[in-house]
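Atom set for the values below is all heavy atoms of this structure, side chains included, hydrogens, waters and symmetry mates excluded. By convention here, the first residue in the shown sequence is residue 1.
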Amino acid sequence: RRLLRAELSLTADQVPYLCTLLRLPDESWQDAVEGLLGHNRFHLLLPAEHYDAAMRLYHRRRYKDNLHGVGLLDEERLLANGRPVQPGTLAGQVETDHPAARAFVDLLLQGYHECESLEDMRDHRTAVTRDCFVRRNYATSHLDPRVYRRWFIGERAIPRQIEQREERLAGIGQELAGLQVRFSGHAPRLALTRDTVRLILKQERALPAVADLRAAFQGSSTGWVFV
């Protein structure tokens, strides 16, 4: 995004992430939308007249700037090949004022029929439930919660991310407290081990002096010998 803005002289508003253009009025379907869109949420849109130049730049700098996986939406072709949203599909849950974003979301989500139960899904080739079970080509699976629980769409996304980070920080605090308790329990033994090691090191440092003393006595006229 920074590269496109710098090289093509575009403003931030001209190169938005897809997720920033979408709204989800019904929170109960947000997990399903977030999960099915997945990495597509972070595709970039740009004015149609800059698309060819952007793709040439992408091709030229893909290795140097590690641009693998970045998606640029072709607004002209999306609008030319858009289809009306089918009633009862997940695409209808998403709102946007951006025509190309609308066309892309419809392309991805309008095939997924909204179902209230796993039993209802059996009537469709492609379907989805609120709790993120997905049916594709008559095979049913569950979406990865690591993807759909991280919200990036709509006004609820930032508060949700803050809440999740606070929960993570609280979890880290509990882990640190547990480690402190474990350390406290081992502290006496660690102190004893430390004192023992110090004594051994002290004795090792004294060994040369003992050897010299042994030699001195063995060589003396008294004839004392260490055994």
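- Under the 3.5 Å distance criterion, with hydrogens and angles disregarded, a donor-acceptor pair is assigned to the side chains of Tyr112 and Arg136.
- Between Glu175 and Arg168 a salt bridge is recorded (basic side-chain N to carboxylate O distance below 4.0 Å).
- Applying the side-chain contact (heavy atoms from CB on, under 4.5 Å) rule to Tyr58 yields the partners Met55, Arg62, Leu67, Val70, Leu72; only residues at least two apart in sequence or on another chain are considered.
- Applying the ring pair (Phe, Tyr, Trp, His ring centres under 6.0 Å) criterion to His59, with sequence neighbours excluded, gives no partner residue.
- Residues Glu75 and His98 meet the side-chain proximity criterion, which asks for heavy atoms closer than 4.5 Å.
- Looking at Met121 and Phe133, their side chains come closer than 4.5 Å, going by heavy atoms from C-beta outward.
- Here the closest heavy-atom approach between residue His142 and residue Cys132 is recorded as CD2-O, 3.3 Å.
- Between Arg130 and Asp26 there is a salt bridge, with a side-chain nitrogen of the basic residue lying less than 4.0 Å from a carboxylate oxygen of the acidic one.
- Linking ILVMFWY residues whenever their side-chain heavy atoms come closer than 4.5 Å, directly or via other members, places Val15 and Tyr17 in the same cluster.
- Atom-to-atom distance recorded for Glu155:CD and Leu24:CG is 10.5 Å, nearest 0.5 angstrom.
- Distance check: His68 NE2 to Asn66 CG gives 4.5 Å after rounding to the nearest 0.5 Å.
- In this structure, Glu34 pairs ionically with Arg41, as a charged nitrogen and a carboxylate oxygen lie closer than 4.0 Å.
- The environment of CZ in Arg156 is crowded: more than 12 heavy-atom neighbours from other residues, nucleotides or ligands sit within 6.0 Å.
- By the criterion of side-chain heavy atoms lying less than 4.5 angstrom apart, applied directly or through intervening Ile, Leu, Val, Met, Phe, Trp or Tyr residues, Val128 is grouped together with Ile153 in one hydrophobic cluster.
- Here Asp123 pairs with nothing under the side-chain hydrogen bond (donor to acceptor under 3.5 Å, both in side chains) rule; sequence neighbours left out.
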Go through Leu109 and Leu37 one step at a time and tell me if the side-chain contact (heavy atoms from CB on, under 4.5 Å) criterion holds. CA-CA 8 Å; Leu109 301 183; Leu37 287 181; 4.1 Å; yes
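- In the displayed structure, Glu49 atom CD is contacted under 6.0 Å by more than 12 heavy atoms of other residues, nucleotides or ligands.
- Among residues two or more places apart in sequence or in another chain, the salt bridge (Lys or Arg N to Asp or Glu O under 4.0 Å) test is passed with Glu163 by none.
- A search for ring pair (Phe, Tyr, Trp, His ring centres under 6.0 Å) contacts involving His124 returns His113, not counting sequence neighbours.
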Could you go step by step and tell me if Arg135 and Thr129 meet the side-chain contact (heavy atoms from CB on, under 4.5 Å) rule? CA-CA 9 Å; Arg135 188 172 177 86; Thr129 63; over 6 Å; no
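- The list of ring pair (Phe, Tyr, Trp, His ring centres under 6.0 Å) pairs with a residue in residues 72-93, not counting sequence neighbours, is empty.
- Both Val134 and Val105 are members of a single hydrophobic cluster when ILVMFWY side chains are connected at heavy-atom separations under 4.5 Å.
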Apply the test side-chain contact (heavy atoms from CB on, under 4.5 Å) to residues Arg160 and Gln30: give CA-CA distance (whole Å), side-chain angles for both, the deciding distance (0.1 Å), then the verdict. CA-CA 12 Å; Arg160 173 67 171 260; Gln30 181 138 2; over 6 Å; no
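- Around CZ of Arg150, the count of heavy atoms belonging to other residues, nucleotides or ligands within 6.0 Å does not exceed 12.
- By the rule that hydrophobic residues join a cluster once side-chain heavy atoms approach within less than 4.5 Å of another member, Leu46 and Leu73 end up as members of separate clusters.
- Phe104 is linked by a ring pair (Phe, Tyr, Trp, His ring centres under 6.0 Å) to His43, counting only residues two or more places apart in sequence or in another chain.
- Each side-chain hydrogen bond (donor to acceptor under 3.5 Å, both in side chains) pair with one or both residues in residues 77-92, not counting sequence neighbours, would appear here, but there are none.
- Under the 4.5 Å side-chain contact rule for hydrophobic residues, Trp151 and Leu18 do not share a cluster.
- Applying the salt bridge (Lys or Arg N to Asp or Glu O under 4.0 Å) test to Arg2 and every residue at least two apart in sequence or in another chain returns nothing.
- Asp106 pairs by the salt bridge (Lys or Arg N to Asp or Glu O under 4.0 Å) definition with Arg102, not counting sequence neighbours.
- In this structure, the separation between CZ on Arg23 and CG on Asp97 is 4.5 Å, given to the nearest 0.5 Å.
- In this view, Phe152 and Phe42 satisfy the ring pair (Phe, Tyr, Trp, His ring centres under 6.0 Å) rule, not counting sequence neighbours.
- Shown here are the side-chain contact (heavy atoms from CB on, under 4.5 Å) partners of Glu114, two or more places apart in sequence or in another chain: Trp29, Leu90, Gln93.
- In this structure, CG in Asp131 is found 11.0 Å from SG in Cys115, a value given to the nearest 0.5 Å.
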Intermediate values then yes/no, side-chain contact (heavy atoms from CB on, under 4.5 Å), Asn137 and Arg125: CA-CA 5 Å; Asn137 297 322; Arg125 176 179 175 180; 2.8 Å; yes
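- For CG of Leu79, the number of neighbouring non-hydrogen atoms (other residues, nucleotides, ligands) closer than 6.0 Å is greater than 12.
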